[in-house]
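Reviewing the structure listed below.
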Amino acid sequence: MSYDFNTIEARWQKYWAENETFKAENNSAKPKYYVLDMFPYPSGAGLHVGHPLGYIASDIYARYKRHKGFNVLHPQGYDSFGLPAEQYAIQTGQHPALTTKENIARYREQLDKIGFSFDWSREVRTSDPTFYKWTQWIFIELFNSWYDDNTNKARKIEDLEAVFEAEGNTTVDAVCDEDVYEFTAEQWNGFSSKEKQEILLKYRLTYLAETEVNWCPQLGTVLANDEIVNGVSERGGYPVIRKKMTQWSMRISAYAQRLLDGLNTIDWPQPLKDSQINWIGKSVGASVTFNVKDHDEIIEVFTTRPDTIFGVSFMTLAPEHDLVQKITTAAQKEEVEAYVEATAKRSERERMADVKTISGVFTGAYAEHPFTKTPVPIWIGDYVLAGYGTGAVMAVPCGDQRDYDFAKHFEIEIPNIFEGVDISEEAFSDKENTIITNSDFLDGLKYKKAVKTAIYELEKLGQGEGKTNYRLRDAVFSRQRYWGEPFPVYYIDGMPQMIDAKYLPVELPEIEKYLPTETGESPLGRADVWAWDTVSNKVVSNALIDDINVFPLELNTMPGWAGSSYYFNRYMDPNNNNEVFSKDAIDYWKEVDLYIGGSEHATGHLLYARFWQKFLFDQGYVPVDEFAKKLINQGMILGTSAIIYRVSGTNAYVTKDLKDQYETEELRVDVGLINSSDELNLEGLKQWQPQFSDAEFILDSGKYIVGREVEKMSKRWFNVVNPDDICNNYGADTLRLYEMFLGPLEQSKPWNTAGITGVHSFLKKLWKLYHNGDVFEITDVEPTKDNLKTLHKTIKKVEDDIENFSFNTSVSTFMIAVNELIAQKCNSKAILEPLLVLISPYAPHIAEELWQKMGYDMSISTASFPLFNEKHLVESTKQYPISFNGKMRFTLELSLDLNKDEIEAAVMAHEKTQQQLAGREPKKVIVVPGKIVNVVG
RNA sequence: GCUGAAGUGGUGGAAUUGGUAGACACGUUGGACUUAAAAUCCAAUGGCCUGUAAGGCCGUGCGGGUUCAAGUCCCGCCUUCAGUACCA
């Protein structure tokens with residue numbers, strides 16, 4: 001029987017499922033290892049060959065670790081709440097619960113076909129009430145916590161209340177809203193309950209606040225900053241506008257510094273760390289206050305260059321700045337208002353596209369320089385952003401190019417405070433080579449010293465202090481959507497109240513119309529049964545809301561990243577109904593050892609998950625404050641689209657090489673119609689779509705050759721390759737090997753089905769090597785030296801490759817090994833057995849099949865990884881290339897038994913070497929045993 | 001603009017600490033088997049020179065440098081991709 005992969009793979013997939021071969025135990029004498037994939041959104045399109053790339057890599061590693069004697073946790077689940085699932089439901093007009101269920105079933109079927117070693121008994125779905133019960137629970141925990149900057153950790157809100165009762169808030173050093181004012185213990189104790197609640201809300205780690213948010217009318221929801229790309233929504237590409245709304249927010253800014261520090265302790269790709277560092281955007285400098293002349297107002301600015309304070313010649317406020325209205329003089333009022341209105345109209349995108357145009361207006365008001373007390377004109381300009389720092393800057397035109405351009409444009413004075421620097425053409429922003437001058441007490445100082453001195457003097461004046469500023473904003477946590485986790489929150493007198501954890505989950509209500517609204521009301525507002533009864537502790541009909549103990553529930557739902565911020569911990573104890581996870585389970589598994597997923601989550605999921613982990617760590621629920629020790633970003637597999645060229649205005653299509661003779665337009669056609677030499681199947685095309693049924697073709701030597709374009713795999717480009725088709729035609733083992741063979745894991749690469757025959761024929765050769773006709777045949781004869789050499793070379797290489805996640809080269813190594821064994825006519829059991837263990841992480845089905853045929857009744861996954869023995873690699877002689885003065889080269893064959901000195905002597909004694917060296921004294925002879933002999937003249 | 005990654009045959013890609021560049025595979029060409037096709041197997045395959053062979057020269061984006069020896073290290077450029085962007 002030839003290699004019948006369909007039968008073999010179906011049999012072993014069934015065997016693994018029935019025997020729960022990959023079930024992980026929460027207790028084991030073996031060391032633990034946790035391999036995690038980023039769980040998928042079950043979208044309607046199903047998987048294409050690009051999706052499983054990371055899963056195959058993690059599966060190889062998980063299977064390898066089992067062979068190495070680890071108790072491996074390798075789970076999988078679905079991120080089934082959120083925009084993608086809901087968008088698909090809206091498109092198909094079906095309820096998201098239904099489409100999600102169907103999509104998950106489809107995903108599962110596709111995943112099973114590829115033969116992953118997932119422990120499906122631990123599956124989680126974020127949209128399942130038994131899961132989101134714990135998402136709600138963590139939300140409540142966050143609500144009941146505040147961040148103490150003294151101890152640098154989150155603490156219980158009761159602690160804060162106790163401090164307020166005893167000392168007021170003047171001694172508290174907490175991360176909180178900017179508008180909290182100071183109060184004493186007496187004042188606190190005199191506040192009403194509602195006043196107390198309002199104040200506490202400003203300290204909680206998740207809080208309700210009216211904030212300016214990114215509103216996307218087409219999607220009918222707000223978006224987080226990381227969900228916006230180039231000013232439009234990441235999903236769908238719709239415009240986003242700024243809008244004030246009352247929203248739940250997560251005080252992630254409290255963790256800014258720890259999120260930065262933690263990066264040094266984890267093995268994640270540098271580009272990913274860089275983008276998180278960038279996103280957090282720490283800058284160190286000073287906060288400086290300027291008094292406004294003839295007003296009581298002060299302007300606070302943040303600057304990274306307090307050393308240039310004597311270079312200030314004007315100030316600029318963002319057009320949205322609160323002070324603009326207050327300080328503008330009557331004479332300037334009209335002009336200022338016109339400008340403010342004009343900028344407000346411009347969308348984020350227009351502002352970004354139009355960076356080069358300099359615009360601004362003078363307010364007529366002046367600030368007072370803290371040291372010189374000279375008047376400083378106050379301008380407004382849209383190059384200053386309301387959302388960063390204080391929304392105001394002290395402009396130092398000689399040291400900052402934007403200030404310089406603004407000053408030049410409006411003919412504002414540009415004083416020079418840098419010694420020996422020409423600023424007639426541009427600003428001078430080189431910190432390192434700065435010597436300050438014209439700056440009173442800062443004269444002659446260099447950058448670092450000047451910064452310190454300036455801050456010291458500002459503090460003495462009470463007009464400034466050293467300050468660190470972060471770009472990271474608190475994350476908006478409300479979505480005006482149906483398909484998400486409901487908040488465990490109801491409102492009494494407008495103040496949010498948490499539902500007691502013992503009554504969770506608060507389940508998503510059934511509603512008929514779940515479509516989002518353009519105006520911003522949440523679809524949950526349409527639910528009839530969506531009120532909270534504080535007596536029965538149940539969700540009840542809205543009609544009862546007039547009852548004294550029935551209150552309205554929160555109408556928003558949580559964003560897509562809620563469930564994904566802790567799911568990795570839930571896998572450790574997924575069926576626990578009493579706790580999010582037991583202490584035993586979390587203490588045993590601790591953290592993810594290897595996490596594989598795409599880099600697109602760098603500033604979303606991966607930042608939020610780190611934040612929640614640190615919070616859970618502060619609360620003592622998890623033993624480590626980084627959830628994933630090592631992370632790898634797999635690259636994307638791209639599609640290779642096929643392009644045909646239609647002669648304009650006709651239904652004739654011209655082959656690629658002749659297209660320049662015509663005026664043509666490009667059309668993409670199904671890649672399934674193209675053979676391995678880029679030739680188009682003309683009959684197939686005619687049947688593919690009606691528009692081609694009477695197409696004519698202009699051919700070159702009877703062939704139509706298509707153009708190729710590498711781009712994202714997508715239905716709209718007709719370049720999607722389905723893994724099911726590959727599994728049916730070549731088998732899952734071939735798919736797995738080929739995806740690895742395509743290139744380095746981290747790299748993006750185009751899919752090309754043509755090349756798959758290479759790895760497929762490797763499997764056929766492997767099969768044939770141990771079969772005589774239809775009969776499985778191996779021998780017990782002692783392996784030869786050559787057999788052992790092939791085997792141990794392979795063990796060494798494959799082990800190194802897996803440890804370095806360089807899976808592509810292992811596949812080549814297997815091919816070489818099998819070719820060598822075929823040449824050696826080796827079907828020795830002593831070789832096959834370890835060889836199968838090496839291959840089994842990559843091609844598990846064929847390995848199991850041959851393993852069983854050898855007579856084992858246990859799964860190959862229980863076998864140990866073979867030990868490498870170097871002695872089998874040693875050759876009796878080796879050819880040494882010798883180079884002399886870079887020009888003359890010859891090889892010398894020497895016995896490997898020789899030691900270093902003997903090789904050296906042999907080289908010197910060699911006739912040709914002596915000729916080369918004639919007349920020259922060699923300075924030294926470098927001999928590296930097993931490597932190359934080097935003669936240095 | 002800034003940050004990061006990367007440039008190697010017709011193609012995907014190999015190449016421990018600098019040590020015979022192009023492993024392995026696809027594709028292409030020729031051959032064997034076959035009525036034929038598929039499948040399989042064998043051989044050749046970076047470029048150029050020499051009739052073949054032997055051999056030589058040139059070759060890892062470009063220009064320099066270090067070294068007996070550079071795809072690999074150093075300096076200066078160019079190009080591509082990704083992320084980010086008026087961040088004070």
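The sequence lines fix the lettering, A, B, ..., with proteins before strands; numbering per chain opens at 1. This is a predicted model, so every value here is computed, not measured.
B:G61 and B:G13 have their P atoms separated by 15 Å, with the value rounded to a whole Å. Taking atom P in both B:A32 and B:A38, the straight-line distance is 15 Å, to the nearest Å. Taking atom P in both B:G63 and B:A70, one finds a spacing of 16 Å when rounded to whole Å. Across the C1' atoms, B:U66 and B:C78 are found 23 Å apart, a figure rounded to whole Å. Distance check on atom P: B:U72 versus B:A37 gives 48 Å, rounded to whole Å. Taking atom C1' in both B:U60 and B:A23, the straight-line distance is 15 Å, to the nearest Å.
With distances taken from any side-chain atom of A:Ala754 to the nucleotides B:A25, B:C26, B:A85, the minimum falls on B:C26. Taking only side-chain atoms of A:Leu742, from C-beta outward, the nucleotide of B:A88, B:G12, B:U40 with the closest atom is B:G12. Candidate nucleotides B:G13, B:C24, B:U84 were compared by shortest atom distance to the side chain of A:Ser812, and B:C24 ranks first. Nearest nucleotide to the A:Arg402 side chain, out of B:A23, B:U40, B:A88: B:A88. Between B:A88, B:C26, B:G13, one nucleotide has an atom nearer to the side chain of A:Asn808 than all others, and that is B:G13. Checked against B:G13, B:A88, B:G83, the side chain of A:Leu385 finds its nearest nucleotide in B:A88.
A:Asn633 and A:Ser599 are not linked by any side-chain donor-acceptor pair at a separation below 3.5 angstrom, with hydrogens and angles left out of the test. In this model, a donor atom of one side chain and an acceptor atom of the other lie less than 3.5 Å apart for A:Ser253 and A:Asp474. Side-chain atoms of A:Asn469 and A:Ser283 form no donor-acceptor pair, as typed in the model, at a separation below 3.5 Å. Between the side chains of A:Glu465 and A:Ser287, no donor-acceptor pair is found at a separation under 3.5 Å.
Put simply, A:Asn278 has no side-chain N or O that comes within less than 4.0 Å of OP1 or OP2 on B:A82. The side chain of A:Lys749 places no N or O atom within less than 4.0 Å of a non-bridging phosphate oxygen (OP1 or OP2) of B:G13. For B:U84, the OP1/OP2 oxygens have no side-chain nitrogen or oxygen of A:Arg471 closer than 4.0 Å. Contact check, A:Tyr388 against B:C86: no side-chain N or O comes under 4.0 Å of OP1 or OP2.
Legend: side-chain hydrogen bond (donor to acceptor under 3.5 Å, both in side chains) pairs involving residues 397-408 of chain A, not counting sequence neighbours, sorted by first then second residue: A:Tyr383-A:Asp403, A:Asp400-A:Arg402, A:Gln401-A:Asp405, A:Tyr404-A:Lys408.
Comparing A:Val393 and A:Gly755 against RNA chain B, the residue whose closest nucleotide sits nearer the 5' end is A:Gly755. Between A:Ser748 and A:Gly389, the residue anchored closer to the 5' end of RNA chain B is A:Ser748, taking for each the nucleotide with the nearest heavy atom.
Across all strands shown, B:A82 is found opposite B:U3 as a Watson-Crick or G-U wobble partner, with both distances under 3.5 Å.
Heavy atoms of A:Pro744 sit under 4.0 angstrom from primed sugar atoms or phosphate atoms, though from no base atom.
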